[in-house]
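Keep in mind that what you see is a predicted model, and the values were worked out from it rather than measured. We're numbering straight along the sequence, starting at 1.
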Amino acid sequence: MDHQPDATVAGLAPALESKVFCIRNNDPNMNHLYIGSGLDSRAWKQLGRWLHKGTHVKYFCLVSCHLKGKSMSDLCTGLQYNQSIREFEICDNLLRKAEIHSLAPFIRMNPNLHTLNIEGSLGACGVDLLSSALMGRTQSIENVSLDGNCMGSSETKETFDTFITALNKNRELRRLSLIGNQIGVHGCTSLARLLKDPDSKLKSLILRHNCIDDKCAAILAGSLSSNVQLNNIDLDRNERVSAKGLMKFLQLISRTSSATIRLMVQWKCPHSTDKMSAVLKVKINEPLYNMAAQLRANEKFPWSDMSNVNILLDRSALDWSETAFFYGMKEGVLIDIGVESGEWDQRFPWCDAVPTALDINKAIPSKMSGIHETLASNHTLSSLGYETALRRNFLHGKVLREFLEANKRENKRPAERVKIFRYHVQYNLSVEEFCEMDAVMQPHILAWIGRALCVTDDGRAYLTNPPPPIVRLDATYRILRAAPVICGF
C-alpha cells in the first residue's frame, strides 16, 4: 500500500513520479533531486514531509518552480529538519520576504550544508533574512553563489555590509560567487574586510559582470597584501578596469624595483620660441610628481606654481600620479612640459585630451620598495580571470601573466626567483638594494640569478622571452663590484 501513488500528490507530473517516490521510500541510490516544475501545492507539502525523513539526498535543485507563499512554506516545514542535503540550489524563483523566511530555518539548521546557490531570486529583504540565517549557523558553509541578485546596488549598501559580516563568521568559506550584483566601490570596501581577515580561508572570489573600476581594483588589491589564502579573484567582464587597475595587482604580486633612471625633460619658454631642457633623476617606482622639486630647483624652469604644469610622452597625455614603470620609461626618455591647455592644442593638435593638472599639495611620496619587499609580495594570487590578464592596453600584461603563472606553484621559491630576476636584475638593477640587504641573503640572491637563466631549471615559469646570459653576467659583476663582501673579500 505504501508504494502506491498517494492522493496528496495527485498534482505530480508523470516525469517526476519515479524520482519523488524514490524520495518517499528513502532510496539509498537517490542522491540527486532536480525539480523544474510540475508540482502543485499538495505535492510540495508531501515532498517536504518525505525530505524531513530522508537521509540519502545530497543535492537538491529547484529551477523555475514558481514557489510562492504557502507552497514554499509547505515544502520547508519538512525540509528544515533535513540533515542529509549538502548542496542546495534555487534559480529563477523570486524569493520575497515570505519565501526566504520559510527557507531560512533550513539554511540555518542543516549542519551538513556546504554549498548554497541562490541565483537571480533575492530582493533586499531576502538578503537580510539570508544574512541572519548564515549568521546563525553552527557549522560553516564552504561555497556560496548569489549571482544576479543586485546585492551591491546603491539601495542595498547596508544590506550588503550585513551580508559580508555574516559570511565572515563562516570560517570555512572557500568559494564566493557574486556575478552580476552591481558591486562597486562600496561593495569592494565591504569585501575588503573579508579579505583582510587573517582567519579567512576564502580561495576563490568571482566578481564577473559588476561595476568594478580602477578604484575598486585598488581597494581589492590593497586588501590582499597579507592574504595567503585567496588564489583567484575573477574580474572578467568588468570593462571599467583599465591598465591602472591592473597595475595595482601587478604591484601586489611583485613590488617594482626602486632603481633610478634619468629622464630628459624639455619645455618652451613662455615669452620666446626657445626650448630649454634638463636631466632629472627619478625612481621608477615613485610617482612622477616627485620630479616637481627638481624642476622648481632648476633656475631656468619658469613656473614656480606646479599646479598647472602638464606632461606629455610620445604624443600621449600622462598622469603625474603614475610611475615611470607604469609608462615603461627607460633611461634617457624625452618628456615635454607645458602649462596652458591652449598651448597643448597648438603644439600637439593630435592630443585628444588635456593632461590632468598636478595638484602638488596632494602629492604623497611613495614608499621605496626593494628586493626584500618583492620577497614579501603576494605569492598566492594566481588568477584574475581568463580575460582580465589578457587586456591588450596594459603595457606590462606579459609580466603580470608570468607572475600569476609562477604563483600557481606550491613551492614559492621559483616564483620569488622569477620576480626578483625580472624586476631587480633584467629590467632595472639597483645595486644599492643588494648592498643594503642582509649579508646572509646575498649569496642566495646571486644563486637565484644564476638559476633563473638555466634552461633545465624546473622552476622556470617564463611567458616572456628569456634574456641572454650576458644580462646575468653583467648584473652579477655590478653587484660584486658594489658589494665584494658577498664573496668574502
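Not a single donor-acceptor pair under 3.5 Å links the side chain of Ser71 to the backbone N or O of Leu67. Judged by distance alone, the side chain of Asn170 and the main-chain N or O of Glu172 form no donor-acceptor pair under 3.5 Å. In terms of modelled atom types and a separation under 3.5 Å, the side chain of Asn31 and the main chain of His56 share a donor-acceptor contact. With Asn110 contributing its side chain and Asn112 its backbone, the two residues share a donor-acceptor pair below 3.5 Å. With hydrogens and angles disregarded, no donor-acceptor distance shorter than 3.5 Å links the side chain of Ser316 to the backbone of Leu312. Under a 3.5 Å cut-off, the side chain of Arg401 and the backbone N or O of Ala389 do form a donor-acceptor pair. Under a 3.5 Å cut-off, the side chain of Asn181 and the backbone N or O of Leu146 do form a donor-acceptor pair. Looking only at distances, no side-chain donor or acceptor of Asn285 sits under 3.5 Å from a matching main-chain atom of Thr323. With Thr388 contributing its side chain and Asp236 its backbone, the two residues share a donor-acceptor pair below 3.5 Å. Although no hydrogens or angles enter the test, the distance criterion places no donor-acceptor pair under 3.5 Å between the side chain of Asp213 and the main chain of Val241.
Looking at heavy atoms from C-beta onward, Val127 lies in side-chain contact with Ser131 at the 4.5 angstrom threshold. Side-chain contact between Ile219 and Leu191: absent, with no pair of heavy atoms (C-beta onward) separated by less than 4.5 Å. The closest side-chain heavy-atom distance from Asn82 to Thr55 is not below 4.5 Å. Looking at Lys58 and Met30, their side chains never come closer than 4.5 Å, going by heavy atoms from C-beta outward. Looking only at side-chain heavy atoms (C-beta outward), Phe60 and Leu79 come within less than 4.5 Å of each other. In this structure, Trp44 and Ile35 have side chains that are in contact, with non-hydrogen atoms separated by less than 4.5 Å. The side-chain heavy atoms of Ile212 and Cys188, taken from C-beta on, include a pair separated by under 4.5 Å. At least one side-chain heavy atom of Leu202 sits less than 4.5 Å from a side-chain heavy atom of Leu194.
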Starting from the C-alpha separation in whole Å, work towards a yes-or-no answer on side chain to side chain donor-acceptor pair (under 3.5 Å) for Asn407 and Lys419. CA-CA 10 Å; Asn407 278 0; Lys419 294 173 186 179; 2.9 Å; yes
Phe394/Ser242 under side chain to side chain contact (heavy atoms under 4.5 Å, CB included): CA gap, chis, key distance, verdict:
CA-CA 8 Å; Phe394 185 39; Ser242 70; over 6 Å; no
*Apply the test side chain to side chain donor-acceptor pair (under 3.5 Å) to residues Ser121 and Asn93: give CA-CA distance (whole Å), side-chain angles for both, the deciding distance (0.1 Å), then the verdict.*
CA-CA 5 Å; Ser121 303; Asn93 191 117; 6.0 Å; no
- Message: For a side chain to side chain donor-acceptor pair (under 3.5 Å) check, start with the C-alpha distance between Ser204 and Asp234, then their side-chain angles and the critical distance, and finish with the verdict.
- Response: CA-CA 8 Å; Ser204 180; Asp234 191 338; over 6 Å; no
For this session: Would you check, one step at a time, whether the test side chain to side chain contact (heavy atoms under 4.5 Å, CB included) holds for Phe403 with Leu250?
Result: CA-CA 8 Å; Phe403 291 169; Leu250 180 56; 3.8 Å; yes
Would Leu288 and Tyr327 count as a side chain to side chain contact (heavy atoms under 4.5 Å, CB included) here? Give the steps.
CA-CA 10 Å; Leu288 293 175; Tyr327 291 113; 4.1 Å; yes
| task | Apply side chain to side chain contact (heavy atoms under 4.5 Å, CB included) to the pair Leu113 and Ile141, showing each step before the final yes or no. | result | CA-CA 6 Å; Leu113 184 67; Ile141 202 164; 4.3 Å; yes
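In the displayed structure, Arg237 atom CZ is contacted under 6.0 Å by at most 12 heavy atoms of other residues, nucleotides or ligands. Atom NZ of Lys196 sits in a sparse spot, with 12 or fewer heavy atoms from other residues, nucleotides or ligands closer than 6.0 Å. A 6.0 Å sphere centred on CZ of Arg240 holds no more than 12 heavy atoms belonging to other residues, nucleotides or ligands. The environment of NZ in Lys215 is sparse: at most 12 heavy-atom neighbours from other residues, nucleotides or ligands sit within 6.0 Å.
For Arg96, the salt bridge (Lys or Arg N to Asp or Glu O under 4.0 Å) partners two or more places apart in sequence, or in a different chain, are Glu99. The salt bridge (Lys or Arg N to Asp or Glu O under 4.0 Å) search around Lys70 returns Asp74, not counting sequence neighbours. Evaluation of the salt bridge (Lys or Arg N to Asp or Glu O under 4.0 Å) rule for Arg137 yields no partner, not counting sequence neighbours.
Closest approach of Cys216 and Cys211 over heavy atoms only: SG-O, 4.2 Å. Closest of all the heavy-atom pairs between Ser377 and Ser254 is OG-CA, 3.5 Å. Ala166 and Leu134 make their closest contact through CB-CB, 4.2 Å (heavy atoms, listed as atom of the first residue, atom of the second, distance). Nearest heavy atom pair, residue Ile335 against residue Met329, reads CD1-CE, 3.7 Å. The two atoms that bring Asp214 and Lys244 nearest to each other are OD2-CB, 3.8 Å, heavy atoms only. Arg175 and Ser145 get closest at one heavy-atom pair: NH1-OG, 3.0 Å.
Note on residues 104-143: pairs passing ring pair (Phe, Tyr, Trp, His ring centres under 6.0 Å), not counting sequence neighbours, are Phe88-Phe106. Applying the ring pair (Phe, Tyr, Trp, His ring centres under 6.0 Å) rule to pairs touching residues 157-203 yields nothing, sequence neighbours excluded. Applying the ring pair (Phe, Tyr, Trp, His ring centres under 6.0 Å) test to pairs two or more places apart or on separate chains, none has a residue in residues 206-258.
To the nearest 0.5 Å, atoms OG1 (Thr189) and CG (Leu220) are separated by 8.5 Å. For the atom pair CG of Leu400 and CG of Leu384, the computed distance is 5.5 Å after rounding to the nearest 0.5 Å. Within the model, atoms CG of Leu252 and CG of Leu224 stand 5.5 Å from one another, a figure rounded to the nearest 0.5 Å. Between the CD1 atom of Ile284 and the CZ atom of Phe326 there is a distance of 14.0 Å, given to the nearest 0.5 Å. Taken to the nearest 0.5 Å, the CG atom of Leu116 stands 14.0 Å off from the CZ atom of Arg86. Expressed to the nearest 0.5 Å, how far OG of Ser321 lies from CG of Asn290 amounts to 11.0 Å.
No hydrogens or angles considered: nothing links the side chains of Ser382 and Asn231 as a donor-acceptor pair under 3.5 Å. At a cut-off of 3.5 Å, with distance as the only test, a side-chain donor of Asn168 or Asp197 sits close to an acceptor on the other residue. Side-chain polar atoms of Asp161 and Ser190 form a donor-acceptor pair below 3.5 angstrom. With hydrogens and angles left out, the side-chain atoms of Tyr34 and Glu89 include no donor and acceptor closer than 3.5 Å.
Remark: aromatic rings of His396 and Phe325 are close, center separation under 6.0 Å.
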